[in-house]
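Here is the structure we will look at.
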Amino acid sequence: VAQAMPGPLFNFAAYLGSIIAMNAGYPFIVGAVLAWFGLFSPGIMLIFGIMPFWGRFRRWPLYRRALPGLNAAGVGLIVASVFSLTFGALSISHFKATSLCIGVIAFTAVDQLKWFEPGVVVGGGVLGIIAWALKMA
């Protein structure tokens, strides 16, 4: 989830870097900057390292043949992570059937009805609280 929202991840890295630097006797800003650059720089180096070759790479026949398989593998990994998260949440839920229904309702609201995602998250939380208050199984 944190990698889906990189802003908090970078802020957390800067916070951890500052704490570690202060515990080691260095100014907090040194740790914050080093941790932030340590998290941020690999992606930037990868982008600037590949961009000069990207136009040529896209024309390679091997790449063009492999692209549908790479896309299918990406979709498969996303689906597998959804199932993994779903089963993990269901295994710790006290209200398994209710949790599954709330998940299906939330998915339908976002995917089919195009509702505002943060509103659906809040609504799912409210439904969960109602289920807890009613002791639904």
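Quick note: numbers below take in every heavy atom, side chains included, and nothing from hydrogens, waters or symmetry partners. In this chain, numbering begins with 1 at the start of the sequence shown.
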Identify the two heavy atoms, one from [X] and one from [Y], that lie closest to each other, and give their separation to 0.1 Å.
X: L90; Y: K96; value: O-NZ, 3.1 Å
X: S91; Y: G88; value: OG-O, 2.8 Å
X: R59; Y: R64; value: O-CD, 4.1 Å
X: A13; Y: A35; value: O-CB, 3.2 Å
X: I102; Y: G128; value: CD1-N, 3.7 Å

Rounded distance [0.5 Å steps], [atom1] in [X] versus [atom2] in [Y]:
X: L100; Y: I105; atom1: CG; atom2: CD1; result: 10.0 Å
X: L34; Y: S18; atom1: CG; atom2: OG; result: 11.5 Å
X: I44; Y: F37; atom1: CD1; atom2: CZ; result: 10.0 Å

Connected via hydrophobic side-chain network under 4.5 Å: [X] and [Y]:
X: V110; Y: L113; value: yes
X: L16; Y: M22; value: yes
X: I50; Y: F57; value: yes
X: W132; Y: L127; value: no
X: L39; Y: I20; value: no

Parallel, tilted or perpendicular: ring planes of Y63 versus W54, cut at 30 and 60 degrees: perpendicular
T86 side chain to V82 backbone, donor-acceptor under 3.5 Å: yes
